[in-house]
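Scroll down for the structure; my scribbles are underneath it.
Values in this document were obtained by computation on a predicted structure and should not be read as measured data. Order of appearance sets the numbers: ligands from 1, and atoms from 1 within every ligand.
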Amino acid sequence: MRTADERIAAALSALRAAGGRATSARGAVLRVLAAATHLSAAEVHARLTADGLPADLSTVHRVLAALTDIGVVHVVPIGGVLTYGLADRPHHHTVCRRCGTVRRLPRAAVAAVIAAATADGTFTTDSDGRDGGVVVYGNCTACPTRPAR
Ligand SMILES: [Zn+2]
Ligand SMILES: [Zn+2]
């Protein structure tokens, strides 16, 4: 497992390699994302504010869109909300329906799904987990057996 600092450094160098500028706002957003799996723009905004780095929500949206365009961040819609995570290692996701926890699912674990989806030749996909990839919904085994709310 790489440390958060290593992941941030790798994202910043990928950003520069793609011709993007490593602004302080981009660095701050990458730092927040490296400390989580996936966060919505509102959650990124709340964490920046909690860290004493006030940024307005529209700036956060703009930074996330730029980082997504460059490919260092990918977007996964979860429960109707767009969430953002570092795309440093291609991966897919599992989502707990009860608590919303997002976990990374290794690319290899989804290979059979991709193979089945394309087997009859009527559909192709370049989904390799670099983009949002595949989302598997379920429940954490530690979550209560009945919905909490
Ligand atoms: Zn992800
Ligand atoms: Zn859960």
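The closest side-chain donor-acceptor pair between Asp56 and Ser58 falls under 3.5 angstrom.
Any protein N/O/S atom under 2.8 Å from the Zn ion (ligand 2) was counted, giving 4 altogether.
Under the 4.5 Å side-chain heavy-atom criterion for grouping Ile, Leu, Val, Met, Phe, Trp and Tyr, Leu64 is connected to Leu53 within one hydrophobic cluster. Put simply, Val110 and Val95 are part of two different groups of oily side chains (I, L, V, M, F, W, Y) that touch within less than 4.5 Å, one to the next. By the criterion of side-chain heavy atoms lying less than 4.5 angstrom apart, applied directly or through intervening Ile, Leu, Val, Met, Phe, Trp or Tyr residues, Val76 is not grouped with Val63; the two fall into different hydrophobic clusters.
Look at Asp88 and Arg104 and you find a salt bridge, because one of the NZ, NE, NH1 or NH2 atoms lies within 4.0 Å of a carboxylate O, short of that distance.
Under the rule for a side chain to side chain contact (heavy atoms under 4.5 Å, CB included), the partners of Ala10 that lie at least two apart in sequence or sit in another chain are Arg2.
Applying the ring-ring contact (aromatic ring centres under 6.0 Å, His included) rule to pairs touching residues 36-56 yields His38-His74, His38-His93, sequence neighbours excluded.
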Next item on the list: Using the side-chain contact (heavy atoms from CB on, under 4.5 Å) rule, take Thr83 and Val75 through it: C-alpha gap first, then chi angles, then the decisive distance, then the call.
Entry: CA-CA 6 Å; Thr83 71; Val75 187; over 6 Å; no

Note to self: One pair to check against side-chain contact (heavy atoms from CB on, under 4.5 Å): Tyr84 and Val44. What are the steps and the verdict?
What the structure shows: CA-CA 9 Å; Tyr84 300 83; Val44 170; 5.6 Å; no

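Taking a cut-off of 2.8 Å, the protein N, O or S atoms nearer than that to the Zn ion (ligand 1) are His38 NE2, His74 NE2, His91 NE2, His93 NE2.
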